[in-house]
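Below you'll find the structure, written out as structure tokens, and then a few comments.
Counting begins at 1 with the first residue of the sequence. Remember, predicted model here, so these are calculated numbers, not experimental data. Atom set for the values below is all heavy atoms of this structure, side chains included, hydrogens, waters and symmetry mates excluded.
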Amino acid sequence: MPTAEEDKAITAAARSDPDAQPLTPLQLKSMVPIQALRGRPKSEHKKLLVSVRYSQEVVEFFKSTGEGWQSRMDGVLRQYVARHSRSA
């Protein structure tokens, strides 16, 4: 830890540099922890992580459709569920 004199010298040096000004109390108060900003926004429709085995042809077909293939697979399965749950 710096002594009180060293702290004053550090603060004076920072204030004299226009590119390295100390943050104001208002700026400090408005700061948000970085974890709150990272990653994709939380969905209201949470998905479950499961391990499933599909035939090689099915996986190759969906992968060949490009990025987002897993979401397209989910869409196809959702359509199947919607069609079959109405008739049950």
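- Both F61 and L77 sit in one connected hydrophobic cluster of ILVMFWY residues. Membership requires side-chain heavy atoms under 4.5 Å apart, directly or through other members.
- If you take CG on L28 and OG1 on T24, they are separated by 6.5 Å, rounding to the nearest 0.5 Å.
- In this structure, Q27 and M31 approach most closely via the heavy-atom pair O-CG, 3.1 Å.
- Taking both residues in full, the closest heavy atoms of D7 and P2 are given as N-CB, 4.2 Å, listed atom of the first, atom of the second, then distance.
- Residues W69 and F62 come closest through the heavy atom pair CB-O, 2.8 Å.
- Here the CE atom belonging to M73 is positioned 14.5 Å from the CZ atom belonging to R78, to the nearest 0.5 angstrom.
- Not a single donor-acceptor pair under 3.5 Å links the side chain of R72 to the backbone N or O of K63.
- Taking CG of D74 as the reference point, atom CD of Q79 lies at 10.5 Å (rounded to 0.5 Å).
- Heavy-atom neighbours of E67 CD from other residues, nucleotides or ligands within 6.0 Å: at or below the threshold of 12.
- I10 and M1 sit in two unconnected hydrophobic clusters of ILVMFWY residues. Membership requires side-chain heavy atoms under 4.5 Å apart, directly or through other members.
- When hydrophobic clusters are built by joining Ile, Leu, Val, Met, Phe, Trp and Tyr residues whose side-chain heavy atoms come closer than 4.5 Å, directly or via intermediates, V52 is grouped together with V76.
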